[in-house]
Every structure is written in structure tokens, then in C-alpha cells.
Protein chains: 2
Amino acid sequence: MLDSPFDAPPTNGAQRRHVMDRTGGAQAGSGHPDAVGFRPLYRQVYDTLLKRLADAVWQPGQILPSEGQLAAELGVSQGTVRKALDALTADSLLVRRQGRGTFVADHDDKQSVFRFFKLRPDREGAGMPTSRVVAIAEAAASADERGRLDLVRSARVVRIERLRALDGRLCLIETISVPASLFPGIAQMELPNTLYSLYAIRFGITIATANERLKAVALGAREAGLLEVAAGLPALEVDRIAVDLEDRPVEWRLSICLTQELHYRSVLR
Amino acid sequence: MLDSPFDAPPTNGAQRRHVMDRTGGAQAGSGHPDAVGFRPLYRQVYDTLLKRLADAVWQPGQILPSEGQLAAELGVSQGTVRKALDALTADSLLVRRQGRGTFVADHDDKQSVFRFFKLRPDREGAGMPTSRVVAIAEAAASADERGRLDLVRSARVVRIERLRALDGRLCLIETISVPASLFPGIAQMELPNTLYSLYAIRFGITIATANERLKAVALGAREAGLLEVAAGLPALEVDRIAVDLEDRPVEWRLSICLTQELHYRSVLR
DNA sequence: AAGTGGTCTAGACCACGTG
DNA sequence: ACGTGGTCTAGACCACTTC
């Protein structure tokens, strides 16, 4: 925990032991309010809790200490803890349930799977997507991979190629590249359907956001063969960079999707 | 304003005139806490302010009364008003600026245009998109249009066809259908580049969200001609239903986009 | 200096879930 | 009955903008 060398007493003059820094890193009481940016307390609490989540101090699905306990531990008011917890919830890293407690978001339950899987059948339905690994291998990172994943020249990656189906219909083929250094031994593992829960549980890497670029392309011969349709068909190419809690790009995923009876769903707010 | 026939005094027993209903529509003090859903105060404030926005009580870009004034007017605490204002800000209906005030979001400024325009050049750049109307006409709503826009059988629509360009390059053709009843006279108007600001200013209709379905399709002869490229090219079809503050579908927009040098950007959180 | 939103606190009560 | 998160209040102070 941070600790300030100085602090102004709260209004009521009551005793308080400060655990978080009240000044945003700037020294207070030393002449001027300091030019450096102001950093609210709840933001520091947010960062502290985020760090613990990134370090997997609490496992997915597990319950956190109550607001009051966290407030006491960190030396701030319950309201300030609440604001940080609400922000983490908004970032879908936590789930809060009235009367029960605050939990680490478990990105393996049904609704969470669809957080990063945007393909839906045109006519209602949509069970869980299934996957079959076509190929998996470790190799030196290509120039593209180094660029997209921010890797040094000597870096190695693990490449995974998977076919995925929705409601029993083949719908896409995806090529996934991850830095071998971040995911040691992943090439030898049994891969679950939802890779991101493996990243979280086995490697302590939580995917926070993903940036996708979509294009319409003509299906190549190889992809067409694997997807069991004719080459040249229009297909949706989804180029995704997934980013972890520390804002590092940790996965590059290129998907080719059939959209004859499916669509990609996007909600603009 | 709502007014409750009964209210429990606040803890300190100070005088309070209640303007908002404290009971969520259920009568309090009459034996049981009522089975009907609980409705928090800040939610009522949210709805009240939302209604005023929908009724265009304040114009886009205009400043709202301060938190304190709204709190006094509505008979709630400043913190409760703040929570409602924060929620409206999160829904990007308001913009708050520290030291200045709270403003009605102006969806005409540069960053807001891109809220609903997701096409970006592959290589950096991206000035404002431009538009040219190809056709505009009123007609009886088709079965598709009635279904998508929730219209009765006799309803009429205005259809607008536009070509749009980005950085001087033709990039898409879009067919827009809106209910004629909601937009009287729109067929005779000069159409601005950003239609949604026209909807807001001239018709008091604010687009809150848009749901899009994306597919890859082969370019038809007509679209190819208008876009000045070869027919059969893969293109991105974007099927959008835009919804207003009252959750009514108010626009159906079908776009065919060239994605040879552009992509559709999507951020997953 | 005055006014606005932003942060923080302390405490009360409410709704929800589980014993 | 108890503990949790959720709501609401009142008041103080901070940071930013404008006059």
C-alpha cells in the first residue's frame, strides 16, 4: 500500500491512519498544489484492486472481501471503495450481487462466452459455440506477429488454428497467435472451448478488451476446403487484437467467418 | 413531478418537501413493503430528465441547471441528482465539464459523428465522411419495413438512398427507411451529412442506440455501378435498426460498404 | 471571488439472499 | 436474524473555469 509522508486531517479532526496516498503522488502542504495531474483516491483503490486481480490474488468466481473490510484495510471510506468496485464492475472484471457479495467475473459462464463471440444465427437460437483444433505449433514470430503483438525480433509464438461451429454448423476458421513467453507450455495443453478462461486460470492473464477490424473478403481455397463450402464465397474477416489488464496486446486472432446464415452483432451506444 | 401521499421523515427529522415519489409507486406504511418492483429515487430522476431531453426542453449543446438547482427543484439531494446525471452521461446523452456545467450532448461535433460511423481507413487518416443523396421518396411501407420499424399495415415511409465517401473515396451506399409519420416533410428537406442531428433538431427524435447485423455479401450490379467498382466483389452489409430514447425503432438503414481499403471497427469490453 | 462539477466521508435505512 | 450490496442524505473540501 502507498503511504503519504504527510496528510491533512479530515474535517472532523478524528484520528485516521492513511494507507492510500491522498495527494496523487504530489507532495502536499509544501507551497503549491503541484502541476502534476490530480489522481483521485478511488482511482488508486481501483488500481490496487486491479493489480490484485491481475496477480490472480482472487480466482475467477471467488468472492471478494466485503466493502467494509476492504475500506478498513485500505484506510478509506466505504463509499470510496464502492466507487472503485463499481468501476471494476463496469469494466466487467467483477460481478456484484446484492445480498451475496462481490465476485471475480467468471468468463466461462454462458453469458460471458458471448462477450467476445459476436456471431449469431439469423433466425433465433444459438447454443454454445464448439471448437476443433486443426493445428497447433510453436514457431519464430513473423514480422506481422511481432508488429501486432509488440514483440522483439527473436520472439517466438504459438499458433493455433481452430474450426468452430454454432448450433452444429461450421461457421468459422480462426488462426490464433500468442507470445510463447507469456503462455509457456500452451502448445502441449488440452485446449478448452473458451481459450480466455485458460489464459486466466493457467497463465494469470485476463483479457480486458479486444479491438476488432472487420472486412469482407472472398474465401480462399484452403479455408473453403476446411469449412466445406465453395471457394470464392464472400466471408467476413475479423482481425482481433486482445489486450490484457495491463494494456499489453497478448493475442492476435484472425477469423474467417461464413455469414450466409449468421451475422456479426454490434451494438452502438 | 410526482408527489407521494405519504412519506417517512428523514433520520434527522428536518423538514423536507418531497417532490419525487419515495415508494416506487407502492404505498408505504400500509402494512407490507409491497410485492411490486422497487424503483430507486435516482432512477425516477433519470426518467424525469430523460423525458425532458426527449421533449427537447433543452436543446443540444445547451447547458442544464446546476446539480444544486435540479436537486432543489426535484426535492432530492444533490448526490441523487448526480447519480442520475452520471447515468445520462454514461448513456452519452449529456456531457459534463468540470467548472463549467452539464450540457446536452451535441451529436454533431467531430467525435460524435464517429459514434455511429464505424468505417475507418486501414492506414491512418479519416476526415469526416461526406454524403450525396441518390434518391429520396415517400411510399407505402413494405412488409420488411413494417416488421423492422414496428409499423401498422397502412403506414408510409420515406426512403433515402445515399452514397458516402471517406477521404474522397466512395465507400458505401446506404438505403434508409424512416416512418413518414415521425418525420413529416423530411422528403422535401435539405439533408445534412449527419442525419441524426436533423432528427434531433427538427423532429425532436434522439437516437439512443443502434443495433447492427453485419454480413459479407457479393456486390450486386446496381450497387457496383453506383460505387464505380466491379460487380461480385465482396462487400460488407450493415443492417442497422436505430432506436430512440423511448426505445422505439425509428430508422432502418441498410448499408453496403467497400472494405478493400477500409474496415469496420468494433471494440469489445 | 464565485460558481460548477468532482471527490470523500459518515451514517442511516432499504432490499436481497442465506441461515 | 444477520450480513451483503444498494440507496440516500448532508456537508466538507478540491479542482477547474469564468469573471
Side-chain angles (χ1 to χ4, degrees), chain A residues 7-16 18 20-24 26 28-29 32-46 63-72 74-89 94-103, chain B residues 7-16 18 20-24 26 28-29 32-46 63-72 74-89 94-103:
Chain A
D7 71 63
T11 311
N12 60 13
Q15 83 306 336
R16 278 283 321 290
H18 290 299
M20 306 297 283
D21 178 5
R22 330 293 289 174
T23 63
H32 67 86
D34 206 332
V36 80
F38 169 68
R39 213 177 151 62
L41 234 201
Y42 77 87
R43 237 299 168 187
Q44 300 176 50
V45 174
Y46 177 99
I63 193 170
L64 265 64
S66 73
E67 293 182 351
Q69 289 167 13
L70 286 171
L74 301 175
V76 301
S77 81
Q78 185 174 337
T80 299
V81 168
R82 157 160 286 141
K83 198 159 179 181
L85 291 175
D86 284 345
L88 288 162
T89 302
L94 296 179
V95 175
R96 315 194 70 186
R97 274 183 281 230
Q98 185 173 140
R100 308 246 335 255
T102 302
F103 302 81
Chain B
D7 71 62
T11 312
N12 61 12
Q15 83 305 336
R16 281 283 323 289
H18 290 299
M20 305 297 282
D21 178 5
R22 330 294 289 175
T23 64
H32 67 87
D34 206 332
V36 81
F38 169 67
R39 208 176 158 64
L41 233 201
Y42 77 86
R43 237 300 169 187
Q44 300 177 50
V45 174
Y46 176 99
I63 192 170
L64 266 65
S66 73
E67 294 182 350
Q69 288 167 13
L70 287 171
L74 301 175
V76 300
S77 81
Q78 186 174 335
T80 300
V81 168
R82 158 160 286 143
K83 198 159 180 180
L85 291 174
D86 284 345
L88 287 162
T89 302
L94 297 178
V95 175
R96 315 195 71 186
R97 275 184 280 229
Q98 185 172 132
R100 309 236 347 241
T102 302
F103 302 81

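The basis for the numbers below is simple: all heavy atoms, side chains too, and nothing from hydrogens, waters or symmetry mates. Below, read A as the first sequence line, B as the second, and so on, with proteins coming before strands; counting in each chain starts at 1.
The CD-P distance, from A:Q78 to C:dT7, rounds to 19 Å in whole Å. When the P atom of C:dT7 is taken as reference, atom NZ of B:K83 falls 15 Å away, rounded to whole Å. When rounded to the nearest whole Å, the span between CG of A:L64 and P of D:dG5 equals 9 Å. Rounded to a whole Å, the CG atom of B:L70 is 11 Å from the P atom of C:dT4. At whole-Å resolution of the value, CZ in A:F38 and P in D:dC16 are 8 Å apart. A straight line from CD of B:E67 to P of D:dA10 spans 15 Å, rounded to a whole angstrom. The CD1-P distance, from B:I63 to C:dG3, rounds to 14 Å in whole Å. Distance CD (A:Q44) to C1' (C:dC8): 13 Å, rounded to an integer number of Å.
Closest approach to the A:R82 side chain among D:dC8, C:dG6, D:dT7 is made by D:dT7 (side chain taken as heavy atoms from C-beta onward). Between C:dA10, D:dG6, D:dC8, one nucleotide has an atom nearer to the side chain of B:Y42 than all others, and that is D:dC8. Nearest to the side-chain atoms of A:L41 among the listed nucleotides D:dT9, C:dG5, C:dC8 stands C:dC8. Nearest nucleotide to the B:V76 side chain, out of D:dT4, C:dT4, D:dT9: D:dT9. Nearest to the side-chain atoms of A:T80 among the listed nucleotides C:dC8, C:dG5, D:dT7 stands C:dC8.
Residues meeting the side-chain hydrogen bond (donor to acceptor under 3.5 Å, both in side chains) test with B:Y46, sequence neighbours left out: B:D91. Under the salt bridge (Lys or Arg N to Asp or Glu O under 4.0 Å) criterion, B:R43 pairs with B:D47, not counting sequence neighbours. Residues passing the side-chain hydrogen bond (donor to acceptor under 3.5 Å, both in side chains) test with A:R100, sequence neighbours excluded: none. Looking at residues two or more places apart in sequence or on another chain, you find a side-chain hydrogen bond (donor to acceptor under 3.5 Å, both in side chains) between A:R82 and A:E67.
Near DNA chain C, meaning a heavy atom under 4.0 Å from it, residues 95-103 of chain A has A:Q98, A:G99, A:R100 in order of number.
Separation of atoms CD1 (A:I63) and CG (A:L94) is listed at 11.5 Å; rounding is to 0.5 Å. Note that the CG atom of A:L70 and the OG1 atom of A:T102 stand 8.0 Å from one another [nearest 0.5 Å]. Separating the NZ atom in A:K83 from the CD atom in A:Q78 is a distance of 15.0 Å, to the nearest 0.5 Å.
Inter-residue side-chain proximity for A:D86 and A:R96 is flagged as met; some heavy-atom pair is nearer than 4.5 Å.
Across all non-hydrogen atoms, the minimal contact from A:V81 to A:V45 is CA-CG1, 4.5 Å.
If you find the closest nucleotide of DNA chain C to B:L85 and to A:P40, the one lying nearer the 5' end belongs to B:L85.
Within the helix from C:dA1-D:dT18 to C:dT18-D:dA1, the inter-axis angle between the opening and closing five-pair segments is 10°, rounded to 10°.
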